[in-house]
Amino acid sequence: MAGKIKIGIIGGSGMDDPDILENRQEKHVTTPYGKPSDVLILGKIKGVDCVVLARHGRKHDVMPTDINYRANIYALKEEGCTHVVVTSACGSLKEEYEPGHIVFPDQFIDRTTKRVSTFYDGKQGSPKGICHMPMHEPYCPHTRKILTEAAKELKLPHHESGTMVVIEGPRFSSKAESRMFKMWGGDIIGMTAVPEIVLANEAGLCYASISMVTDYDCWRDDHDPVSVEAVKKTFKVNVANAKELLLNVIPRIASEKWAEITKEREAAVTNNIMLPSS
Ligand code: ADE
């Protein structure tokens, strides 16, 4: 994987129209895990090879539980991606993470219940063994640092870190749940980071997220509870910031040296596979 940088961009709601790509080309692919959420859209951003994929499909008809996360990550890896930078909407569990802010999360708390979160599932055609992927630092710190530097330069309101609580959805949380997630130390809340990030780590990819705060979930008595309408309204504003950030950050990522980091990521996978004893 050393050498050429190619960046996969998984677009969340509202970010899945990749009009930022030059020389766009659609590619229909299928994987051993089935079909990704939609076509891969290949192209360049400021001369850097990129692959855009709409997480929920371009018609936004795939709900969080039903996203084929394995096919999405497999397809991006197969296409030669070295990095995956994703965008997603999220709720806020802390007053200072305000709607309109961007967060570069560094940790997650997994509350999903219905998703396959490994490529190493013991099935025929899957890679051999069981992969006990370390998850102490799931988001790529190097990519996050570049994102933070760019956000600072662009003067975008942002947070360098944050713990993302990932719920199964599609429903939003109850007030009791929302308050419990706050007590657990969650900063933001969403529905898609897991297992996407786990699979990206298994695939040896550098994964980082541009998480855009759209609402205060439902823990605050002095605010309306989250609704689709509120999320959509704030997201519209945030999308412009996320696009500006992506345009700035992609050439920066491509100009860094990644060979050592890539080697470490791949070793983290191979060193943590337990093969069946013969
Ligand atoms: N996406 C945007 N806002 C959210 C919230 N409050 N909970 C879960 N996912 C979200």
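Ligands are counted one by one from 1 in listed order, and the atoms in each one are counted from 1 as well.
Side-chain heavy atoms closer than 4.5 Å link hydrophobic residues (I, L, V, M, F, W, Y) into clusters, and following such links, possibly through other members, connects F119 to L275. Under the 4.5 Å side-chain heavy-atom criterion for ILVMFWY residues, a single connected hydrophobic cluster contains both Y74 and L53.
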Anything under 3.5 Å between an N or O on ligand 1 and a protein N or O? List each pair with its distance, or write none.
from     : atom 1 : to   : atom 2 : distance (Å)
ligand 1 : 3 (N)  : G91  : N      : 3.3
ligand 1 : 3 (N)  : D215 : OD2    : 2.6
ligand 1 : 6 (N)  : D215 : OD1    : 2.9
ligand 1 : 6 (N)  : D217 : OD1    : 2.7

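Within 6.0 Å of CG in L247 there are more than 12 heavy atoms belonging to other residues, nucleotides or ligands.
Ring orientation note: the planes of W258 and H83 are nearly perpendicular, at an angle over 60° on the 30°/60° scale. The aromatic rings of H223 and Y216 sit perpendicular to each other, their planes meeting at more than 60°, with 30° as the lower class boundary.
No donor-acceptor contact under 3.5 angstrom links the side chains of S92 and E98, judged on distance only.
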